[in-house]
Amino acid sequence: MRIAFYAPLKAPSHEVPSGDRRIAALYMAALRLAGHRVDLASDFRSYDGEGSPERQRALQSQGTAIVRDLASCWRGANADARPDLWFTYHVYYKAPDWLGPRLARELGIPYVIAEASHAPKRANGAWSLGHNAAVQAIQAANLVISPTRYDRVCLESLLEADRIMLLPPFLDREPLAAAAAQRKAQRARLAAEQDLDPDAAWIAVAAMMRPGDKTASYRELALVLERIRDLRWHLLVAGAGPSEEEVARMLHAAAPGRCRMLGALSLEDVAAMYAASDLCIWPACNEAYGMAMLEAQAAGVPVVSVAHRGVPDVVIDGRTGLLAPRMDPAILADLARTLLVNPVRRVEMGRAAAEHVALERSLPSAARTLELALQDVLATSRVN
């Protein structure tokens with residue numbers, strides 16, 4: 001099957017790294033692993049972060065022009081050069097899909113969305129045009145793939161249940177598993193480079209440092225760390241961004257002499273950091289689900305976080321980590337303490353976490369699930 005792929009928020013070819021760019025690339029990789037030809041249909045970015053009706057109208061006009069050009073190009077091409085299915089990753093009111101629904105309709109092909117958000121409170125505000133476009137795209141989809149049960153509930157007011165499929169977050173576990181296999185060597189290297197006590201527990205965190213929810217998460221983390229200072233541990237932090245100085249100040253104040261700010265790291269170096277560590281603590285303030293916590297588990301590291309939004313679809317409470325029922329630094333600190341003082345349980349959870357990712361959240365697992373779903377979409381579309 002030939003699939004036209006599109007990511008309105010940020011194309012996988014975008015020059016600025018981000019979680020969204022990475023997940024778009026993972027979807028393309030999973031579809032290719034399933035045996036399909038996947039082409040990036042457009043790198044057009046429909047994002048309006050300011051709530052500007054004028055910008056939204058301009059983006060709509062740009063989208064209309066791109067639809068016209070692509071439709072003309074594909075109509076004039078050989079049948080084997082035209083897409084059999086349109087696949088859009090991530091649709092919401094700030095980044096609606098101005099391309100997919102119209103092109104799918106004009107070409108007579110199925111339209112699929114992976115990760116869509118419905119926010120009724122935006123219906124009459126500054127993003128009303130983007131909101132309405134997102135709603136129309138979701139309702140036009142033959143299938144919407146939801147990464148979390150939290151998002152699925154929001155979609156059920158727009159779609160029949162059989163047009164929504166749950167596919168929890170997944171990743172390419174190979175770099176993380178390879179690093180985990182070299183845990184002793186990774187730990188020895190980092191201990192020497194960062195002057196760390198190899199006999200203490202190491203807590204790992206990897207997240208961007210930008211204003212808003214990320215900084216809020218670091219702030220909550222600092223409050224957690226203050227409550228466990230009586231234990232032996234070090235904190236390793238991978239990340240950078242405009243809030244870097246503020247984050248460093250908070251963490252150094254909470255953990256004097258114990259915090260190592262590693263800066264922006266490659267995936268290979270993040271994998272090495274996780275593999276050398278013992279625990280990941282991340283409050284995940286308002287995060288959709290938290291890919292960094294899935295990475296930690298792939299490397300065999302259990303996670304302490306909060307059971308809100310999509311986190312329970314990433315961290316399996318009591319099996320691959322421990323989840324607080326609400327955002328409360330005292331509760332998070334108690335959960336962290338539970339694992340820090342019990343290395344046997346910590347190791348068992350780490351093994352369960354790595355096994356969970358290998359069996360249920362890997363790229364091959366996602367490829368199999370996507371293949372079955374898309375074949376069903378094609379079969380149903382032919383019948384209709």
Side-chain angles (χ1 to χ4, degrees), residues 7 9-26 29 45 47 49 90 169 171-180 182-183 185-187 189-196 202-222 225 233-255 257-299 301 303 305 314:
L9 176 57
K10 184 178 283 189
S13 58
H14 196 278
E15 66 275 8
V16 179
S18 70
D20 210 78
R21 187 186 77 169
R22 184 177 171 212
I23 297 168
L26 281 168
R45 194 176 192 211
Y47 179 69
H90 202 178
L171 48 65
D172 178 3
R173 61 176 287 272
E174 296 305 324
L176 294 142
Q182 300 295 322
R183 171 179 163 80
Q186 305 287 10
R187 193 171 176 93
R189 177 182 61 80
L190 275 172
E193 290 179 359
Q194 299 295 330
D195 189 24
L196 301 170
W202 294 6
I203 300 168
V205 168
M208 295 180 69
M209 299 174 184
R210 58 172 181 253
D213 294 332
K214 293 296 186 186
T215 298
S217 292
Y218 277 113
R219 187 175 297 112
E220 295 293 332
L221 175 62
L225 298 176
W233 49 264
H234 291 292
L235 176 69
L236 296 140
V237 182
S243 299
E244 191 168 346
E245 289 186 9
E246 180 184 357
V247 168
R249 186 167 57 251
M250 289 189 297
L251 295 180
H252 284 303
R258 305 195 202 187
C259 180
R260 303 293 187 271
M261 307 297 290
L262 306 183
L265 300 181
S266 66
L267 176 58
E268 181 181 3
D269 287 335
V270 168
M273 178 191 73
Y274 277 135
S277 299
D278 302 286
L279 183 66
C280 172
I281 306 174
W282 186 240
C285 291
N286 204 37
E287 286 198 21
Y289 37 82
M291 284 295 288
M293 293 184 288
L294 194 61
E295 291 175 345
Q297 292 171 94
V301 178
V303 175
S305 189
V314 170

- [ ] Determine, step by step, whether Tyr289 and Ile23 satisfy the side-chain contact (heavy atoms from CB on, under 4.5 Å) criterion, reporting the C-alpha distance in whole Å, the side-chain angles of both residues, the deciding distance to 0.1 Å, and the verdict.
- [x] CA-CA 12 Å; Tyr289 37 82; Ile23 297 168; 3.1 Å; yes
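- Met293 approaches Ala284 most closely through the heavy-atom pair CE-CB, 4.0 Å.
- Here the straight-line distance linking atom CG of Leu235 with atom OG of Ser277 works out to 9.0 Å at 0.5 Å rounding.
- Closest approach of Lys214 and Trp282 over heavy atoms only: O-CH2, 4.1 Å.
- We find the CZ-CD distance between Arg260 and Gln194 to be 7.0 Å, quoted to the nearest 0.5 Å.
- The shortest non-hydrogen separation linking Ala238 to Tyr218 is O-OH, 4.1 Å.
- Within the model, atoms OG of Ser18 and CG of Leu9 stand 7.0 Å from one another, a figure rounded to the nearest 0.5 Å.
- Minimum interatomic distance between Pro283 and Leu221 (heavy atoms only, all atoms of both residues): CG-N, 3.7 Å.
- Listed for the Arg210 side chain is no donor-acceptor partner under 3.5 Å among the backbone atoms of Pro242.
- Residues Val247 and Glu244 are not in side-chain contact: their nearest non-hydrogen atoms beyond the backbone lie 4.5 Å or more apart.
- The local environment of CD in Glu245 is sparse, with at most 12 non-hydrogen atoms from other residues, nucleotides or ligands closer than 6.0 Å.
- Side-chain atoms of Leu171 and Leu176, non-hydrogen and from C-beta on, do get closer than 4.5 Å to each other.
- With contacts defined as side-chain heavy-atom distances shorter than 4.5 Å, the pair Leu26/Met291 qualifies.
- Summarising the geometry, atom CD belonging to Glu15 is positioned 8.5 Å from atom CZ belonging to Arg21; distances are rounded to the nearest 0.5 Å.
- Taking 4.5 Å as the limit, every side-chain heavy atom of Val314 sits out of range of all side-chain heavy atoms of Val303.
- The shortest heavy-atom contact between Met273 and Val205 is CE-O, 3.6 Å.
- When all heavy atoms of Ala272 and Arg189 are compared, the closest pair comes out as CB-NH2, 3.5 Å.
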TODO: Evaluate the criterion side-chain contact (heavy atoms from CB on, under 4.5 Å) for residue pair Thr215 and Met209; output intermediate values, then yes/no.
DONE: CA-CA 6 Å; Thr215 298; Met209 299 174 184; 5.9 Å; no
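- Side-chain contact between Leu262 and Glu193: absent, with no pair of heavy atoms (C-beta onward) separated by less than 4.5 Å.
- Between the side chain of Ser266 and the backbone N or O of Asp269, at least one donor-acceptor pair lies under 3.5 Å.
- The structure places CG of Asp213 at 11.0 Å from CD of Glu220, a figure rounded to the nearest 0.5 Å.
- In this structure, CE on Met261 lies 5.5 Å from CG on Leu251, to the nearest 0.5 angstrom.
- Residue Ile203 is tested with Ile281, Val301, Val237 for a side-chain contact (heavy atoms from CB on, under 4.5 Å); the sole match is Ile281.
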